Structure formats: C-alpha cells, structure tokens
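Here is the structure we will look at.
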Amino acid sequence: MYVFIITTVVVGFACAGVVMLLFRLWGRKAPKYVIPFVAAIGMFVYMIWDEYSWFDRYASRLPGQIDIVQTFADENPFAPWTLISAPVNRFTAIDRDKVVTNPANPDQKRVTTLLLKKGGETLALTHLVDCIAGRRGYITAQTELDADGFPTGIDEWFSMDDNDPLRSVCN
C-alpha cells in the first residue's frame with residue numbers, strides 16, 4: 001500500500017515536472033493552476049491504470065502450476081468508473097503441485113487454494129474435496145490427520161454445486 005501511495009505521488013511530481021519543462025522550453029511562464037492540475041490528472045490516471053491492470057500483471061507473474069479458478073470484480077461508489085466496468089481486484093487460484101490424492105480413498109483430494117487480493121495478504125487454505133459426494137471441507141490446524149496427511153474426520157462439510165471452482169481438481 002505504501003509503495004502505491006509513494007508511486008502515485010512520484011507520478012504526480014513527474015507530470016508536473018514535464019509540464020514545467022515544456023513551458024520553460026517554450027519560453028513562457030506556466031499559469032499557477034496548470035502545474036497542480038496536471039499533477040492531479042497524472043495521479044488520477046495512474047491510479048485507474050493500476051486498478052485495471054493489477055490482475056493481468058499479477059496473473060502473468062504466477063508460476064505455471066498455479067491455475068486461476070475464480071475472479072472477483074468489485075464496484076466502488078467512491079470510484080464511479082467501477083460502476084461502469086468493475087476491475088478484477090481479487091482471485092482464487094489452485095496450486096496444482098499441491099493437489100494430493102488420498103491413497104486410502106482415491107475419490108478424495110487434498111488441495112491448497114490461494115486467495116489473493118489487491119493490497120491484501122495472500123491466504124492459503126487447505127481443503128479436502130470428496131469428488132464422488134460433491135462436497136468439500138476445510139483442513140485446519142485442529143484437524144486430526146492420518147499417516148498420509150489426510151483428515152480422519154471433517155467437522156463441517158460444504159456441498160459443491162456444478163460451478164464450484166474446486167470441482168476442477170476432480171478432473
């Protein structure tokens with residue numbers, strides 16, 4: 001977050017500096033309102049560009065074994081342009097290298113999902129997916145595991161509908 005704020009201020013100063021240089025090269029003095037106006041417009045444009053390009057920039061840096069399975073675009077009334085076209089500012093990804101099939105029950109898979117949000121911490125959650133029953137459960141630090149690292153029991157199961165992103169590990 002601090003990097004974003006500092007970068008935005010630097011962009012504002014850079015835009016103001018370019019306009020001051022152009023006026024100096026033309027041999028004229030810039031009106032007093034032009035420099036702050038250009039700096040504000042430059043910062044505003046940078047903020048919008050950063051908001052709309054974040055997902056593409058971040059997704060392109062992910063390793064090949066990470067698959068993005070769900071994206072979320074949020075509207076913000078304080079940024080009215082998002083009401084027209086909301087940018088993707090968080091997504092869910094699955095680490096394919098960490099999908100493990102239960103040797104005792106091949107219909108169960110242990111999968112790690114990554115929840116990423118712009119300006120937020122990345123969360124890693126571990127799920128147990130029962131492909132045949134169409135349900136999933138969270139594996140937490142309190143979950144008892146067997147010798148293979150699979151839970152001996154899940155406290156709460158959630159049913160998966162047909163478009164649940166975790167169904168992709170069953171294929």
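Predicted model, so just to flag it, every value in this text is computed and none were measured.
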T82 vs Y52 side-chain heavy atoms within contact, under 4.5 Å:
yes
Which atom of S168 lies closest to which atom of V69, heavy atoms considered
OG-CG1, 4.0 Å
Is the gap between the ring centers of F4 and W54 under 6.0 Å?
no
Heavy atoms of D74 and A86 approach each other most closely as O-CB, 3.7 Å
Are W49 and F44 grouped together when hydrophobic residues (ILVMFWY) are joined by side-chain heavy atoms under 4.5 angstrom apart?
no
For I35 against A16, the heavy-atom pair lying closest together:
CG2-CB, 3.6 Å
Those residues that, when tested against D162, pass side-chain contact (heavy atoms from CB on, under 4.5 Å) (two or more places apart)
R167
Compare all side-chain heavy atoms of L62 with those of F91 and state whether any distance is below 4.5 angstrom.
yes
Could you tell me the separation between the CH2 atom of W157 and the CG atom of D130, rounded to the nearest 0.5 Å?
5.0 Å
Can you hop from Y46 to V19 via hydrophobic side chains spaced under 4.5 Å?
no
Between R96 and V169, is there a side-chain heavy-atom distance shorter than 4.5 Å?
yes
When clusters are formed by joining ILVMFWY residues with side-chain heavy atoms under 4.5 Å apart, either directly or through shared neighbours, do M43 and V10 land in the same one?
no
What is the distance from atom CZ of R136 to atom CG of L166, rounded to the nearest 0.5 Å?
5.5 Å
V45-I48 co-clustered via ILVMFWY side chain contacts under 4.5 Å:
no
Which pair of heavy atoms, one from T101 and one from P106, lies closest together, and at what distance?
CG2-O, 3.5 Å
Pairwise distance CD(Q70) to CG(N163) - rounded to 0.5 angstrom
8.5 Å
Is there a side-chain contact between T140 and T143 in this structure, where contact means two heavy atoms from C-beta onward sitting under 4.5 Å apart?
yes
Taking every non-hydrogen atom, the tightest pair across I68 and T71:
CG2-CG2, 4.0 Å
Roughly how far, to the nearest 0.5 Å, is CZ of R28 from CG of L22?
12.0 Å
Spacing of I84 atom CD1 and E75 atom CD [to the nearest 0.5 Å]:
10.0 Å
Under the ring pair (Phe, Tyr, Trp, His ring centres under 6.0 Å) rule, what pairs show up with a residue in residues 13-40, not counting sequence neighbours?
F23-W26
Kindly indicate whether the side chain of V129, heavy atoms from C-beta on, has any atom under 4.5 Å from the side chain of C170.
yes
With a cut-off of 3.5 Å and sequence neighbours excluded, list every side-chain donor-acceptor pair involving residues 110-120.
unit_1 : atom_1 : unit_2 : atom_2 : d
R110   : NH1    : G149   : O      : 2.7
T113   : OG1    : L125   : O      : 3.4
T113   : OG1    : H127   : NE2    : 3.1
K118   : NZ     : D50    : OD2    : 2.9

Using a 4.5 Å cut-off on heavy atoms from C-beta on, say whether the side chain of L21 contacts that of V18.
no
Heavy-atom pair with the smallest gap, counting every atom of C15 and G42
SG-CA, 3.7 Å
Hydrophobic cluster identity match, M160 and Y138, side-chain contacts under 4.5 Å
no
CA sep, side-chain torsions, deciding dist, call: V38, I41, side-chain contact (heavy atoms from CB on, under 4.5 Å)
CA-CA 5 Å; V38 169; I41 293 296; 5.7 Å; no
Is any side-chain heavy atom of I139 closer than 4.5 Å to one of F150?
no
Between CG on residue N76 and CH2 on residue W81, distance to nearest 0.5 Å:
8.0 Å
